[in-house]
Every structure is written in C-alpha cells, then in structure tokens.
Amino acid sequence: MEIGQYLDSTYLKKAEQANISEEATKQNVIDLINEAIENNFKLVMIRSEFIEMAREMIQKANSKVVIGTVIGFHEGTYSTEEKLKEAQIAIDRDVDELDYVVNYEAFKEGKINLVKAEVFKGTKIGLDNNKLVKWIIEIAALTNEGIVGLSQLIRDVVLDNFGEENAEKVFVKSSTGFYKTEGGKPNGATFEGMELIVENSKPLSAKAAGGVRSYEDAVKMVKMGVTRIGTSSAKVIADGKTSDSEY
C-alpha cells in the first residue's frame, strides 16, 4: 500500500513546549515540509504562522502536498467566535484544511446546543471557502459512549446542514496529541476508538491522530476505514519501520 497519501505529517509544538528556540522551531517546520515534499506525503499539519512559508516552499517545488492547521488548539475551550477568527486568519493565509478542536468539555457538560452551533459555524466557514474541515474530539478525554455520541453529533450537524454531498469534506479526528492521560493510558488514536469513530461518523471521513507508530498499524487503520493518519513520524512509517515517538 502507498501509505504516503494517507499521512498528515505533523509538527505543532511551540518553542516553549519543545524547550527549543523560535528559530529551531521554524527549522523543524522547514524540515517537515521538505520531507513531505520529497516523500509525497498528503499533507503538512503546522501552526498557522507557518502557512505562508509552507505555501511558498510547496509551490516552488511544484508539489501537491497540502497544508493544514489547527484551530482552538489544544484545549478546545475557546469560544466559537475565537475559533472562527482563527479559521479566517488561516484561510487568509491560504491554508487547505482546518482542524478544529471541538469543545468536548462542553459536550461532556451536556451543552449540546453550544457544540452543535460551533460545529455548524466552523464547518460552514470551511466549506464556504473550499477547505476541508476536521473536528478533533479528543478520545482520551471521553468514554466510549462519549466518542459515539460526539461522532454522531458532528455527523448529524454536517448531514442536516450541508448534505451528504459534502460528507467526505468533513472529518471526525481522534486526538490533539497534547491531552495528558494518567497511568500510561494512550492519548491518541486506538483501534477501538477509531472503530467507534468510523462506524458512528460515516459517511463523514475519519482521521486517526497520534498513536499510529508503524506501517502495519497504519495499513490496519486504513483497512478499518480511516482515510487520514496524523503523525510526527511519517517518514518512519512510510519506510516500513516503527517509531518511538509519542505522536
């Protein structure tokens, strides 16, 4: 399987999170973009401030790599208005895909109308501007029942308001990779979690982010119905090896 076209090669750490300089952070992003171009990965997932640099590099290389960024990252508790403002800035910078962190805490608190409104407005600004939209539900913060319920909520909002013809342009995505778990529990995609997402979000698309560390696991995810895999180890996976990265 040509796994590269399923891989969203990802670098989202801020300088202080990685304990490195701003310049070193920028170089890490440059290296990620070059690697994606050289290996024909599907997408680079980067912070919004690097979108214009990535676009210039990709166009110069005459590459088909697309650009994604995160919105409301990583807690998801930003207001809908703040998320829409972030999304518009990324659109103005010529991003291709918007990965929102849904307000999963509001969902857990039963604030269903708030979450529905956020999903509607965030999806609308994306689709209106010909962007793919992904909703990160943070499965490590949810019970299995919560994964099912939130996946179904997103599915229903999209189908009811934008029709099945737009279903493949909207994803339910597992994780940010930044959620802190206890007792060594996984904070990213698991086979069990992705099976719940795939079954309860279809005909929407599904993205497994974090936790996929080998070519074999990536292929298994694709065969389950996952159409994108977010990873900081895209080259390792594409080379058929196993990564020891946390994401």
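These numbers come from a predicted model, not from an experiment. In this chain, numbering begins with 1 at the start of the sequence shown.
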A.B. asks: Does the pair E23/K26 count as a salt bridge with the N-to-O cut at 4.0 Å?
C.D. replies: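 No.
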A.B. asks: List the residues meeting salt bridge (Lys or Arg N to Asp or Glu O under 4.0 Å) with K85, not counting sequence neighbours, and say none if there are none.
C.D. replies: none
A.B. asks: Do you reckon M224 sits in the same ILVMFWY cluster as I3, going by side-chain contacts under 4.5 Å, direct or chained?
C.D. replies: yes
A.B. asks: When you group the ILVMFWY residues by side-chain heavy-atom contacts below 4.5 Å and let the links chain together, are V44 and I30 in the same group?
C.D. replies: yes
A.B. asks: What closest approach, in Å, do A90 and I71 show between heavy atoms, and which atom pair accounts for it?
C.D. replies: CB-CD1, 4.5 Å
A.B. asks: Could you check whether any side-chain heavy atom of M57 comes within less than 4.5 Å of a side-chain heavy atom of M53, counting everything from C-beta outward?
C.D. replies: yes
A.B. asks: Kindly compute the distance separating CD (E16) from OG1 (T25), expressed to the nearest 0.5 Å.
C.D. replies: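 If we round to the nearest 0.5 Å, E16:CD and T25:OG1 are 8.0 Å apart.
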A.B. asks: For D160, look at atom CG and say whether over 12 heavy atoms of other residues, nucleotides or ligands are found less than 6.0 Å away.
C.D. replies: yes
A.B. asks: How many angstroms lie between CD1 in I89 and CG in L84, if you round to the nearest 0.5 Å?
C.D. replies: 11.5 Å
A.B. asks: Would you find a donor on one side and an acceptor on the other, under 3.5 Å apart, between the side chain of Q5 and the backbone of N40?
C.D. replies: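 At least one qualifying donor-acceptor pair exists.
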A.B. asks: Who passes ring pair (Phe, Tyr, Trp, His ring centres under 6.0 Å) against F191, sequence neighbours left out?
C.D. replies: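 Here no residue qualifies.
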A.B. asks: Say you draw a straight line from OG of S232 to CG of N28; how long is it, rounded to the nearest 0.5 Å?
C.D. replies: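 Reported value, rounded in 0.5 Å steps: 11.0 Å.
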A.B. asks: The test is side chain to side chain donor-acceptor pair (under 3.5 Å); show your working for S205 and R228 and say whether it passes.
C.D. replies: CA-CA 8 Å; S205 302; R228 292 287 192 87; over 6 Å; no
A.B. asks: Salt bridge (Lys or Arg N to Asp or Glu O under 4.0 Å) with K202: which residues, sequence neighbours excluded?
C.D. replies: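 K202: salt bridge (Lys or Arg N to Asp or Glu O under 4.0 Å) contacts with E199.
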A.B. asks: Quick check against the 3.5 Å criterion: does E164 have a side-chain atom that pairs as donor or acceptor with the backbone of P203?
C.D. replies: no
A.B. asks: For the pair V115 and L150, evaluate side-chain contact (heavy atoms from CB on, under 4.5 Å) and give the outcome as yes or no after the intermediate values.
C.D. replies: CA-CA 9 Å; V115 179; L150 191 44; 4.1 Å; yes
A.B. asks: Considering residues, nucleotides and ligands other than K13, do more than 12 of their heavy atoms fall under 6.0 Å from its NZ?
C.D. replies: no
A.B. asks: Give the C-alpha distance, both sets of side-chain angles, the deciding distance and a yes or no for side-chain contact (heavy atoms from CB on, under 4.5 Å) between V70 and V101.
C.D. replies: CA-CA 7 Å; V70 285; V101 185; 5.7 Å; no
A.B. asks: Quick one: does D96's side chain have a donor or acceptor within less than 3.5 Å of a partner on G68's backbone?
C.D. replies: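 Checking the backbone N and O of G68 against the side chain of D96, no donor-acceptor pair under 3.5 Å is found.
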A.B. asks: Do the ring centers of Y78 and F73 come within less than 6.0 Å of each other?
C.D. replies: no
A.B. asks: How long is the straight-line distance from CD1 of I51 back to OG1 of T69, given to the nearest 0.5 Å?
C.D. replies: 4.5 Å
A.B. asks: Side chain of Y100, backbone of G122: donor and acceptor closer than 3.5 Å?
C.D. replies: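 Such a contact is found between Y100 side chain and G122 backbone.
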A.B. asks: Could you pull out the closest heavy-atom pair between S201 and I197, with the gap in Å?
C.D. replies: OG-O, 2.6 Å
A.B. asks: For a 4.5 angstrom cut-off between non-hydrogen side-chain atoms, does L127 reach F162?
C.D. replies: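 Yes; the side chains approach each other to less than 4.5 Å.
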A.B. asks: Hey, is CD on E35 packed in by over 12 heavy atoms from elsewhere, all under 6.0 Å?
C.D. replies: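 Counting neighbours around CD of E35, more than 12 heavy atoms of other residues, nucleotides or ligands fall under 6.0 Å, so yes.
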A.B. asks: Can you tell me if S233 and R213 form a side-chain donor-acceptor pair at under 3.5 Å?
C.D. replies: no
A.B. asks: Are side-chain heavy atoms of V212 and T231 found at a separation under 4.5 Å?
C.D. replies: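 A side-chain contact under 4.5 Å is absent here.
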A.B. asks: So which heavy atom on V172 is nearest to which on S151, and how close?
C.D. replies: CG1-OG, 3.9 Å
A.B. asks: May I ask you to test the I91-L98 pair for a side-chain heavy-atom distance under 4.5 Å?
C.D. replies: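 Yes; the side chains approach each other to less than 4.5 Å.
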A.B. asks: Nearest 0.5 Å, what's the CG-CG distance between L114 and N103?
C.D. replies: 6.0 Å
A.B. asks: Within a radius of less than 6.0 Å around CD of Q59, do more than 12 heavy atoms belonging to other residues, nucleotides or ligands occur?
C.D. replies: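 Yes.
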A.B. asks: To the nearest 0.5 angstrom, please state how far the CG atom of L12 sits from the CD atom of Q17.
C.D. replies: 9.0 Å
A.B. asks: In terms of hydrophobic clusters joined by side-chain contacts under 4.5 Å, are M194 and Y104 together?
C.D. replies: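 Yes.
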A.B. asks: Transitively linked via ILVMFWY side-chain contacts under 4.5 Å: M1 with V236?
C.D. replies: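 No, M1 and V236 fall in different hydrophobic clusters.
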A.B. asks: Is R47 salt-bridged to E49, cutoff N-O under 4.0 Å?
C.D. replies: no
A.B. asks: Closest approach of D239 and K235, non-hydrogen atoms and distance?
C.D. replies: OD2-NZ, 2.7 Å
A.B. asks: Show which side-chain atoms of residues 128-139 pair as donor or acceptor with protein atoms under 3.5 Å away, not counting sequence neighbours.
C.D. replies:
{"unit_1": "D128", "atom_1": "OD2", "unit_2": "K124", "atom_2": "NZ", "d": "2.7"}
{"unit_1": "N129", "atom_1": "ND2", "unit_2": "I125", "atom_2": "O", "d": "2.7"}
{"unit_1": "K131", "atom_1": "NZ", "unit_2": "V95", "atom_2": "O", "d": "2.7"}
{"unit_1": "K134", "atom_1": "NZ", "unit_2": "E97", "atom_2": "OE1", "d": "2.4"}
{"unit_1": "K134", "atom_1": "NZ", "unit_2": "D99", "atom_2": "OD1", "d": "2.9"}
{"unit_1": "W135", "atom_1": "NE1", "unit_2": "T123", "atom_2": "OG1", "d": "3.0"}
{"unit_1": "E138", "atom_1": "OE1", "unit_2": "T176", "atom_2": "N", "d": "3.3"}
{"unit_1": "E138", "atom_1": "OE2", "unit_2": "T176", "atom_2": "OG1", "d": "2.6"}

A.B. asks: Is the number of heavy atoms from other residues, nucleotides or ligands within 6.0 Å of CD (E216) greater than 12?
C.D. replies: yes
A.B. asks: D217 and I229: side-chain contact (heavy atoms from CB on, under 4.5 Å), yes or no, with the steps?
C.D. replies: CA-CA 10 Å; D217 284 354; I229 296 167; over 6 Å; no
A.B. asks: Applying ring pair (Phe, Tyr, Trp, His ring centres under 6.0 Å), name anything that partners Y215, two or more places apart in sequence or on another chain.
C.D. replies: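 Here no residue qualifies.
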A.B. asks: Do you know which two heavy atoms are closest between A208 and A189, and how far apart they sit?
C.D. replies: CB-CB, 3.7 Å
A.B. asks: Take L153 and F107 through the test side-chain contact (heavy atoms from CB on, under 4.5 Å) and record every step on the way to the result.
C.D. replies: CA-CA 10 Å; L153 181 154; F107 175 80; 4.2 Å; yes
A.B. asks: Can you get from F171 to V66 by hopping between Ile, Leu, Val, Met, Phe, Trp and Tyr side chains that sit under 4.5 Å apart?
C.D. replies: no
A.B. asks: Can you establish whether the number of heavy atoms outside Y6 located under 6.0 Å from its atom OH is more than 12?
C.D. replies: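 At most 12 heavy atoms, drawn from other residues, nucleotides or ligands, come within 6.0 Å of this atom.
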A.B. asks: Of K207, K42, K173, which is the lone residue that meets salt bridge (charged side-chain N to carboxylate O under 4.0 Å, His left out) with D8?
C.D. replies: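 For D8, the salt bridge (charged side-chain N to carboxylate O under 4.0 Å, His left out) test succeeds with only one of K207, K42, K173, which is K207.
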A.B. asks: Only counting residues at least two apart or in another chain, list the ones meeting ring pair (Phe, Tyr, Trp, His ring centres under 6.0 Å) with Y179.
C.D. replies: none
A.B. asks: Is the number of heavy atoms from other residues, nucleotides or ligands within 6.0 Å of CD (E168) greater than 12?
C.D. replies: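 12 or below, so no.
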A.B. asks: Just by distance, do the side chain of K121 and the backbone of E81 share a donor-acceptor pair under 3.5 Å?
C.D. replies: no
